[in-house]
Amino acid sequence: MSATTTAPSPTPIPITTITELRQHHSQLVRLGLASHPPHARRLLAFLARDPAHLPYAARLLAHHPDPRPALLNPLFASLPPRAAASLLALMLSLPLLPDHFTFPRLLPAAPPPLAAQLHALLLKLNLHSHAHSLNALLAAYLAAARPDLARVLFRTSGGGTLDVVSWTTMVGGLCRLGLVDDAREVFDAMPERNLVSWNSMISGYVKADRFLDALEVFDEMRALGVEGNGFVATSGLVACTGAGALGRGREIHRWVEQSGIEMDAKLATAVVDMYCKCGCVDEAWRVFDSLPARGLTTWNCMIGGFAVHGRCDDALELFHQMEAAGVAPDDVTLLNVLTACAHAGEVGEGRRYLDHIVSRHGIEPKAEHYGCMVDLFGRAGQLDEAKKVIDEMPMDPDLAVLGALLGACKIHGDVDLGVAIGWRVIDLDPDNSGRYVLLANLLAGAGRWDEVAKVRRLMDERNVSKEAGRSVIEVDGEACEFRCGSLCHPQAREIYAMAVDMVSRIRAEGYVPDTGEALHDVGEEDKEAALLCHSEKLAIAFGLLRARPRETLRITKNLRVCRDCHEATKYVSHVFGREIVVRDRSRFHHFKDGMCSCKDYW
């Protein structure tokens, strides 16, 4: 009885030229292995990358004993779109018809013209009703920013063809294109949902900065008893971070711990970030300190949290711990360290750490790092040094850099320099209302009302609307948003009455409204009435009405806190015995006993 022997498979060698391929192919033929799928695919993968080699590929397939689509299908996903299209054309010329596994590998990287051609081929081959092909085609149209074609395909596909992946593909694709309302319509109509569906809708709202809508969907998921995972938990936490909803964030953190969801690096960073950005940096530290392992992103998050809370010493100490742990910093670390120094006015430390991190770790400063140095010098009133940084930058200053200098001019009243920079910034960013408002505030503070009017006329001519101030406060797990100059709330009458009473009581203690930033040349009484309707004051009044006694009020603003609201909040913290935490566009302010953690340096 003779034993059957199999020829040993040759050790794969790199194939870099057609000559090497021919040699390898001849070796496979001698060993009787040329038709084995792994070897044949390797040869075809090389040949398909160059149109000049396609005739060789055609001969190889012609001599193959069983040239089925399965031989070529795995190659499509690994080839560039042009090479994949050429291989498909070769396949059709043999003729070797594609099957329902061919198109899902071709479509994801297909540009719009190729996707349309593949769609026609799907119809011709009667493969369009196969779920895998349909879903790949939907994804291709959405990735090419053609939601119109995706909608037509979705609507005209039979109900039996659409599966949960089809619906989820539509939801996720529409969200990525910013069409979250359209995505919500699709989501609400889904006959069934999986965790990917829920996370697509929640994360879509988060990316659109519609954090309260994201939390509404998250609550709906929980109410239906759907078991979550780390991805959904991360999206929910990011929504809480954006909304400043600390109570909700704590609930999700507890849910994660109780449900046994694995605390991976991404989820851990989301928890730390939520506590940092909801004003509870000490809780963020407790979570960070308890982690068994920390990635660079988590270190950066905690250092950045200390930075925006004005705790420069803690940020720098943590940076030293990070170095001692052998974790190499990156450009985000450098930015956070410089931010910590800027918020604390530590000019010398900022210089020293910039030199240290750049020289020791080889990090090349980017425009945002130079912008932080401009901010550092500018906040400290060293405008000449700030200008010097801009003049010596190895790249042209961007809007963030120039905006930092403009903000410094506003703080320190350098009107002439501020006006020059302000008009330059407006020319570079003509659709950003904040640029006009900052320049107008600078001019208004100097009493140059004719120039303020010029700025306002230019805004009108360009149809640029001033961004309304918004403040969100969370009370009893409910996040409520207030807008500057507008009070739309079921308790509007009570809230306004509380705001009036609040201002009356703090005036009795010495508060004087700061009308220097008013953009209209009107009487003081009108200016003070406008200040009363600032979103932060309305949110604080609501908190005083609804929050439990001695409960900390936590407010998130979309803009930088103005001088008047900052001063008024200090008085409110003293008169009403409340700790108030305000997160504005650039940092946190902790108000307590008539003082602010920023020490009026912001």
Side-chain angles (χ1 to χ4, degrees), residues 69-70 72-74 76-77 84 88 97-110 112 114-207 213-214 216-218 220-236:
L72 297 175
N73 285 342
F76 289 115
L88 177 63
L97 294 181
D99 61 16
H100 56 268
F101 292 111
T102 304
F103 294 92
R105 290 176 168 86
L106 270 168
L107 282 163
L114 178 57
Q117 292 175 333
L118 293 174
H119 188 181
L121 186 58
L122 275 168
L123 292 170
K124 182 178 180 180
L125 299 175
N126 198 29
L127 295 174
H128 61 286
S129 60
H130 195 278
H132 289 320
S133 297
L134 171 65
N135 296 338
L137 187 57
L138 284 172
Y141 281 140
L142 291 165
R146 292 302 306 269
D148 53 331
L149 297 179
R151 287 192 188 98
V152 171
L153 177 63
F154 187 79
R155 284 199 303 266
T156 56
S157 298
T161 304
L162 298 175
D163 59 11
V164 68
V165 177
S166 314
W167 289 85
T168 303
T169 299
M170 283 297 293
V171 171
L174 292 170
C175 283
R176 281 190 294 274
L177 293 172
L179 304 172
V180 288
D181 290 325
D182 293 345
R184 183 62 186 269
E185 287 185 17
V186 175
F187 180 81
D188 287 342
M190 290 183 73
E192 63 171 317
R193 300 167 183 155
N194 58 20
L195 275 177
V196 179
S197 314
W198 287 102
N199 193 50
S200 294
M201 194 67 251
I202 295 168
S203 62
Y205 274 135
V206 168
K207 290 171 186 173
D213 289 325
E216 176 190 307
V217 177
F218 184 87
E220 182 184 347
M221 181 197 78
R222 295 287 311 282
L224 292 172
V226 178
E227 293 293 331
N229 59 14
F231 295 105
V232 175
T234 298
S235 296

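Only this structure's heavy atoms are used, side chains among them; waters, hydrogens and symmetry mates stay out.
Closest heavy-atom contact between A183 and C175: CB-SG, 3.6 Å. Here the closest non-hydrogen pair linking S133 and L107 is O-CD1, 3.9 Å. Listed here is the closest heavy atom pair of A214 and V206: CB-CG2, 3.8 Å. Pairing each heavy atom of I202 with each of S235, the nearest pair is CG2-CB, 3.7 Å. Closest non-hydrogen pair, L142 versus P147, comes out as CD2-CA, 4.1 Å. Of all heavy-atom pairs spanning A115 and Y141, the tightest one is O-OH, 4.1 Å.
Side-chain atoms of L134 and L153, non-hydrogen and from C-beta on, do get closer than 4.5 Å to each other. A 4.5 Å side-chain heavy-atom check between L121 and Q117 finds every atom pair outside the cut-off. Here the side chains of T168 and M190 are in contact, with some heavy-atom distance below 4.5 Å. Using a 4.5 Å heavy-atom cutoff, the side chains of L125 and P98 are in contact. Taking the side chain as every heavy atom from C-beta outward, F103 and L118 approach each other to under 4.5 Å.
Taking OG from S200 and CE from M170, the interatomic distance works out to 12.5 Å, rounded to the nearest 0.5 Å. Rounded to the nearest 0.5 Å, atoms CG (N229) and CG (L195) are 4.5 Å apart. Taken from CG in D213 to CE in M201, the straight-line distance is 8.0 Å, to the nearest 0.5 Å. Here CZ of F218 is found 10.0 Å from CG of N199. Values are rounded to the nearest 0.5 Å. Note that NE2 of H119 and NZ of K124 are 15.0 Å apart. Values are rounded to the nearest 0.5 Å.
A 6.0 Å sphere centred on NE2 of H130 holds more than 12 heavy atoms belonging to other residues, nucleotides or ligands.
D99 contributes a side-chain N or O that, together with a main-chain N or O of T102, makes up a donor-acceptor pair within less than 3.5 Å.
Listed by first and then second residue, the side-chain hydrogen bond (donor to acceptor under 3.5 Å, both in side chains) pairs that reach into residues 185-194 are R184-D188, R193-E220, N194-S197, sequence neighbours excluded.
For T169 and N135, the side-chain atoms include no donor-acceptor pair closer than 3.5 Å.
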Stepwise side chain to side chain contact (heavy atoms under 4.5 Å, CB included) test for L174 and R151: CA-CA 10 Å; L174 292 170; R151 287 192 188 98; 4.0 Å; yes
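Below 30°, between 30° and 60°, or above 60°: for F154 and W167 the angle between ring planes is above 60°, a perpendicular geometry.
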